[in-house]
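What follows is a single structure, written as structure tokens, with notes after it.
Computed from a predicted structure; not experimentally measured. A note on names: the letters A, B, ... follow the listed sequences, proteins ahead of strands, and every chain is numbered from 1.
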Amino acid sequence: MTDPTRSATEAADIYDPAAVERKWQARWQEQGTNSPDLAGAPRPYYQLMMFPYPSAEGLHVGNFFAFTGNDIHGRFQRLRGHTVFEPIGFDAFGIHSENYALKMGGHPMELIPRNIVNFRRQLRRGGFMVDWSHELSTTDAAYYKWTQWIFLQLHERGLAYKKRAAVNWCPNDKTVLANEQVEGGKCERCGAVVEQRFLEQWFFRITDYAERLLNNLEWIDWSETTKTAQRNWIGKSEGAEVRFHVLDPELEAGSATARVATGEIEAPASIAVFTTRPDTIFGATWLVLAPEHPLVDALTTDEQRGAVEGYRAAAAKQDIVTRKTHRDKTGVFTGSYALNPATGEPIPVWVADYVLMEYGTGAIMAVPGHDERDFEFARAFDLPVVRVVAGEGEDAHTPLAAPYTENEGGRLVNSRQFDGLSVPEAKRAIVEHLARKRAAKAVVNYRLHDWCISRQRYWGPPIPIIYCDACGTVPVPERDLPVLLPDIEDFRPDDTGVSPLARHDEWYRVPCPRCGAPGRRETDVSDTFLDSAWYFLRYPSTERDDVPFDPTITSKWLPVDSYIGGNEHAVLHLLYARFVTMVLHDAGTLEFEEPFKRFRAHGHIIREGAKMSKTKGNIVNPDSYIDEWGADTFRTYLMFLGPFEEGGDFRESGIKGPRDFLGRLWISATSMRTEGEADPAVLRKLHQTIDRVQTGLERLSFNTAVAAMMEYMNVLRKGERSPHRDEVEPLVQLVAPFAPHLAEELWERFGHERSIFDSGWPAYDAALAAEDTIQLAVQVNGKLRGTIAVPREVTREAALELALAEAPIAKFVPAAPKKVVFVPGRLLNIVV
RNA sequence: GCCCGGGUGGCGAAAUGGUAGACGCGGGGGACUUAAAAUCCCCUGGCCGCGAGGCCAUGUGGGUUCGAGCCCCACCCCGGGCACCA
């Protein structure tokens, strides 16, 4: 027969995650637990998470994983005594939202807020320490007013300019795509094959900042992978610009060569090429110009004109991506020759699409012996190949079956007075030599291009510019911001290449702010990456509508202390945010020039070996797992499943471990004794655990932190008696970042009145953590032969004596040891 | 092709150059139960051995070291990024 009193007590003490979580989420909201006093914070800590795009599907497990790691780190910093600001917002402008609205037949102005409501619900359920009083959405006029202000700041400083440029055109989305939005010749979003078009576009001069963006990577505390990606993206190359004099095509090649070389006659033009291998100039056997190169026309002889023009026309039609990916070398001879300034020999000038106009000077010297592409071209057109660098065991006459592209090793050959020099020596010497003849200078090139921010779309902040026939391009005065995005029914892009906004005269026609004459608005909206390039500046100042960010609050809270996000934003978003910050710094608006002190890239949750994606249909929604297990268990499970910075494979089976761990913690905490003393051995383990959890949280090594707590739990459970309060309470504090609701509930049951997150972090005591007796590993010749229990402070001699007293060890030591290696506290290695 | 990661039990994974496989999942055995679930306890890298114990083992092959999963060289495989950038 069951005892009704007893079972009622038990029922009340059963861990019910749903009830606990509901209670604490409500309590946090009521009491404003997660909304710190930003102005008065004594130890501010800005814990930033990349804000999401509010998709219709809501948060998936991947987002949830990333947010959880971020939240745990933030809660940990708070427990350590910081005032932690953990804001959230929504990156809701852009092609994503617009395409979604088009598909659904709705309007983004209605659909997006609906999605945001769902995101808020999910984020609250997840138990994140979000300060909802500073929520923002990039689509609010109160926000994009300042996005437009940022544009004006750049414009004012000459960093925003307009140019006609070949752009990637997606025929399906009917818009220009950034190079980054093109993947393998196809539109990143819809997969349509991208074409080339020419449009007037707004650009930001990010290339002016290339060197600084590169140099600061030396000192900012970021994931190394992210820094490497940025370095590669900026793509600095040191080399030389070399001038090749063109021979007048009208003159006979042979005689002209001599006369130009002796300075008797002037060459009609010269071609500048960029090379990173000036050391190979004696092997430059022809030149190549990009089809768009401005000198092509002048250099083309009458016989070649037909062929060259045909080639250029074909190249112009080709889309950018095909051109950049096709490998077979094509080209055409212009009919002209230029003088190699090193050899004095005339070499032919070709036009070929493997040379890109937008990099370097749009022209190259071809060195087929030492460049892969030039070698292929030489084969295709039967051009001469000369070896000018010889590697190990090679000499000037060793035939080149393939180009020798070694950039470090090798010595120069067939290069007259430079023969015998190493490649680095030759680089310097040849540039110096040519520089004296004013034929070369050392230069640096970057692969980074200026940032095209124009989008011929509807769903973005209008670029604040007005065109006036009299005044030209006039920026919208700051007092007239924001330029509101009109609520129009027909926002579908068409193939005119002009934003749908142009079709709305009531918006489009506007008086010139300078002279009052009729003007026209810029109809492009700006890139979403501009919205996200400064949102972290806005968060602490969302209540201010008169400034983009409050100077006092900003200098208190920024730069961001910890930024966590996906490495898919390693280049674009993170580079743009740095750029905008630098510009504002130079403008005197910000004190700092790097926005994020510390950045860590989180890994990704995959499912059945594949990235979660809508197309693969393997997206996991966190809601059902929270329903079934509770947010605390789900959070702990996600963090336990693999290293945070690497991600892991999501499978439901493993969730039981963390669930049991939290269940056992609940039991220990609700059944602990308060009288008597804590077990010193348990306390020792506790302090070892504090150390491990603390280090784990600092390093975002959440999986090992959870493991350490589980180990401690196993020790607690082993005890004969129920655990003592002093053994359990600190564990609840350690687990709090992972399972905040459970921790709050237990903390309250312990009799505390304030939130556990204001209780401080358990102090680690190394003396308490130290073991008196340790297991010393004993090796013979590096092979483990046993362990001996010894006092912590054991000496080498004492340890050796104890080890040799053990028969199973001694039998491997037939004679006097040759050498004894002793690592205090770890091992003894006897070498015989 | 280039640049980053990574390769450890059946699985997810630990491991400042110092006892490889902590922690967890799964599996096996047991306790409790009429039974099941839940819970709890024990075992669980491979091979040999009754056992004590031994041998092998961190993608492959070399090297450095008293000692290598970790460092160096060469290579293979997987994941991601960039890619005609001269």
Side-chain angles (χ1 to χ4, degrees), chain A residues 180 183-184 223-229 231-233 235-237 239 273-277 280 288 290 323-329 352-356 358-367 370-374 376-377 405 445-449 567-568 570-571 601 603-604 606 609-611 637 640-643 645-658 660-661 663-664 667 692 701 703-714 717 775-787 808 811 817-823 825-832:
Chain A
E180 317 64 274
E183 274 172 13
S223 296
E224 210 46 54
T225 51
T226 313
K227 295 211 268 189
T228 307
R231 278 191 198 104
N232 293 343
W233 189 262
K236 181 177 180 171
S237 288
V273 305
F274 174 70
T275 178
T276 55
R277 296 294 306 274
T280 61
V288 191
R323 173 168 165 189
K324 284 195 169 190
T325 41
H326 86 85
R327 297 279 133 168
D328 14 304
K329 294 289 173 287
D353 67 359
Y354 80 94
V355 173
L356 309 173
E358 63 273 18
Y359 185 77
T361 61
I364 62 150
M365 63 178 207
V367 185
H370 307 283
D371 182 276
E372 200 79 46
R373 297 147 301 182
D374 298 341
E376 286 169 24
F377 197 77
T405 56
N445 264 302
Y446 302 93
R447 305 168 71 142
L448 183 69
H449 295 304
N567 231 359
E568 64 273 20
V571 276
H604 288 276
I606 54 171
K611 229 174 171 170
Y637 163 64
F640 186 57
L641 129 175
E645 293 179 75
E646 283 164 40
D649 203 346
F650 183 86
R651 51 191 74 197
E652 199 185 336
S653 62
I655 202 164
K656 191 180 165 300
D660 288 350
F661 165 65
R664 287 164 188 161
I667 290 165
R692 287 172 66 191
S701 176
N703 54 334
T704 56
V706 174
M709 291 188 289
M710 285 174 166
E711 262 184 72
Y712 179 59
M713 189 71 241
N714 291 341
R717 294 193 317 137
Q775 290 297 317
L776 192 74
V778 181
Q779 297 180 339
V780 179
N781 290 340
K783 231 177 179 26
L784 185 74
R785 293 302 179 185
T787 58
K811 74 175 182 195
K818 276 191 205 135
K819 184 175 178 182
V820 175
V821 180
F822 178 62
V823 183
R826 299 228 69 125
L827 63 60
L828 185 73
N829 187 13
I830 304 165
V831 185
V832 296

- Item | Length of the CG-P vector between A:Leu827 and B:U65, whole Å | 19 Å

- Query: Mind checking the P distance from B:A57 to B:A68? Whole angstroms is fine.
  - Reply: 12 Å

- Item | Nucleotide nearest A:Met710 (side chain, heavy atoms from C-beta), chosen from B:U19, B:C23, B:A83 | B:C23

- Might you point out which heavy atoms bring A:Val780 and A:Val832 nearest each other, and give the distance in Å? CG1-CG2, 4.2 Å

- Message: Suppose you measure atom C1' in B:G28 against the same atom in B:G63; what distance do you get, rounded to whole Å?
- Response: 43 Å

- Closest contact, heavy atoms only, A:Thr405 versus A:His370: CG2-O, 3.6 Å

- Would you kindly give the CG-to-P distance between A:Leu776 and B:G18, to the nearest whole Å? 14 Å

- Query: Roughly how many Å is it from NZ in A:Lys819 to P in B:C66, rounded to a whole number?
  - Reply: 5 Å

- Message: Distance check, C1' atoms only: B:C72 and B:G24, in whole angstrom units.
- Response: 35 Å

- Side chain of A:Thr704 (C-beta onward), nearest among B:U19, B:A86, B:A14: B:A14

- Query: Is there a Watson-Crick or G-U wobble partner for B:C2 with both distances under 3.5 Å, and which nucleotide is it?
  - Reply: B:G81

- Testing B:A14, B:C84, B:G18 for proximity to the side chain of A:Val823, the answer is B:G18

- Where does B:G9 land, syn or anti, once you apply the within-90°-of-0 test for syn? syn

- Item | A:Thr276 versus A:Ser237, closest heavy-atom pair with distance | CG2-CB, 3.9 Å

- Query: Could you state the CD1-P distance from A:Ile655 to B:G26, rounded to the nearest angstrom?
  - Reply: 12 Å

- Message: Over all strands shown, is A:Arg717 touching base, sugar-phosphate only, or nothing at heavy-atom distances under 4.0 angstrom?
- Response: sugar-phosphate

- Distance in angstrom units between A:Lys783 NZ and B:U65 P, rounded: 19 Å

- Select one nucleotide: of B:G53, B:G18, B:A86, the one nearest the side-chain heavy atoms of A:Lys811. B:G53

- Message: Taking pairing as Watson-Crick or G-U wobble with both contacts under 3.5 Å, can you name the mate of B:C71, or confirm there isn't one?
- Response: B:G63

- Spell out, as yes or no, whether a donor-acceptor pair under 3.5 Å connects the side chain of A:Asp371 to the backbone of A:Ala366. no

- Touch check for A:Asp660, heavy atoms < 4.0 angstrom, all strands: base, sugar-phosphate only, or nothing? sugar-phosphate

- Expected output: side-chain A:Asp374 to main-chain A:Val367 donor-acceptor under 3.5 Å: yes

- Item | Spacing between A:Phe650 atom CZ and B:A13 atom C1', to the nearest angstrom | 17 Å

- Message: Regarding A:Arg692, tell me which of base, sugar-phosphate or nothing describes its non-hydrogen contacts under 4.0 Å with the strands shown.
- Response: nothing

- Item | Close side-chain approach of A:Val821 to A:Gln779, heavy-atom, < 4.5 Å | no

- Task: Under 4.0 Å between any heavy atoms, over every strand shown, what does A:Val831 touch: base, sugar-phosphate, or nothing? Just pick one.
- Result: sugar-phosphate

- Query: Can A:Tyr637 and A:Phe650 be said to form a side chain to side chain contact (heavy atoms under 4.5 Å, CB included), step by step?
  - Reply: CA-CA 10 Å; A:Tyr637 163 64; A:Phe650 183 86; 3.7 Å; yes

- Query: What is the nucleic acid contact for A:Asn445, judged by heavy atoms within less than 4.0 Å: base, sugar-phosphate only, or nothing?
  - Reply: nothing

- Query: Is the backbone N or O of A:Thr225 less than 3.5 Å from a side-chain atom of A:Ser223, with the two atoms forming a donor-acceptor pair by type?
  - Reply: no

- Item | Any A:Arg826 side-chain nitrogen or oxygen under 4.0 Å from OP1 or OP2 of B:U16 | no

- Assign A:Asn567 to base, sugar-phosphate, or nothing according to its heavy-atom contacts below 4.0 angstrom with the strands shown. nothing

- Task: For nucleotides B:G10 and B:G45, find the distance between their C1' atoms and express it as a whole number of Å.
- Result: 10 Å

- Query: For B:G67, does either OP1 or OP2 sit under 4.0 Å from a side-chain N or O belonging to A:Asn781?
  - Reply: no

- Item | A:Phe640, nearest nucleotide to its side chain (from B:C23, B:C25, B:U19) | B:C23

- Message: Measuring from the side chain of A:Arg785 (C-beta onward, heavy atoms only), which nucleotide among B:C25, B:G54, B:C23 has the closest atom?
- Response: B:G54

- Query: Which residue lies toward the 5' end of RNA chain B, A:Ala777 or A:Tyr359, if each is placed at its nearest nucleotide?
  - Reply: A:Ala777

- Message: Partner lookup for B:U33, please. Criteria are Watson-Crick or G-U wobble with both distances under 3.5 angstrom; report none if nothing qualifies.
- Response: none

- Task: Identify whether any heavy atom of A:Glu646 sits under 4.0 Å from a base atom; if not, whether one sits that close to sugar-phosphate; answer base, sugar-phosphate or nothing.
- Result: nothing

- Message: Side chain of A:Thr228 only, heavy atoms from C-beta on: which candidate in B:U19, B:A86, B:C4 is closest?
- Response: B:C4

- Side-chain donor or acceptor of A:Lys329 under 3.5 Å from a matching atom on the base of B:C84? yes

- Just to confirm, is there a sub-4.0 Å distance from OP1 or OP2 of B:G81 to any side-chain nitrogen or oxygen of A:Thr225? no

- Message: Need one value for A:Thr275: base, sugar-phosphate or nothing, where a base atom within 4.0 Å counts as base even if backbone is also close, heavy atoms only.
- Response: sugar-phosphate

- Counting any heavy atom closer than 4.0 Å, what does A:Asn829 reach on the DNA or RNA strands: base, sugar-phosphate only, or nothing? base

- Residue pair A:Arg447/A:Gln779 against RNA chain B: nearer the 5' end by closest nucleotide is A:Gln779

- Spacing between A:Leu641 atom CG and B:G26 atom P, to the nearest angstrom: 15 Å

- So what does A:Lys818 touch, heavy atoms closer than 4.0 Å: a base, only the sugar-phosphate, or nothing? nothing

- Task: Please determine, for B:C25, whether a Watson-Crick or G-U wobble partner exists with both distances under 3.5 Å, and give it or none.
- Result: B:G10

- Message: If you compare every side-chain N and O of A:Asn714 against the phosphate oxygens of B:G24 (OP1, OP2), does one of them come in below 4.0 Å?
- Response: yes

- Task: Mind listing the closest non-hydrogen atom pair of A:Arg447 and A:Trp233 along with its distance?
- Result: CB-O, 4.1 Å

- Query: From the list B:C82, B:A86, B:A22, which nucleotide is the closest neighbour of the side chain of A:Trp233?
  - Reply: B:C82

- Spacing of the P atoms in B:C43 and B:G79 (rounded, Å): 39 Å

- From B:C25, B:C84, B:U19, nucleotide with atom closest to A:Leu356 side chain: B:C84

- Query: In whole Å, what is the span from the CZ atom of A:Phe661 to the P atom of B:G12?
  - Reply: 23 Å

- Can you tell which of B:C11, B:C4, B:G18 lies closest to the side chain of A:Arg651? B:C11

- Query: Do the numbers put A:Lys329 on top of the ring of A:Phe377, so that NZ or CZ is under 6.0 Å from the six-membered ring centre and no more than 45° off the axis?
  - Reply: no

- Message: Please give the distance between the C1' atoms of B:C11 and B:G18 as a whole number of Å.
- Response: 29 Å

- How is A:Pro808 classified with respect to the nucleic acid when contacts are heavy atoms under 4.0 Å: base, sugar-phosphate, or nothing? nothing

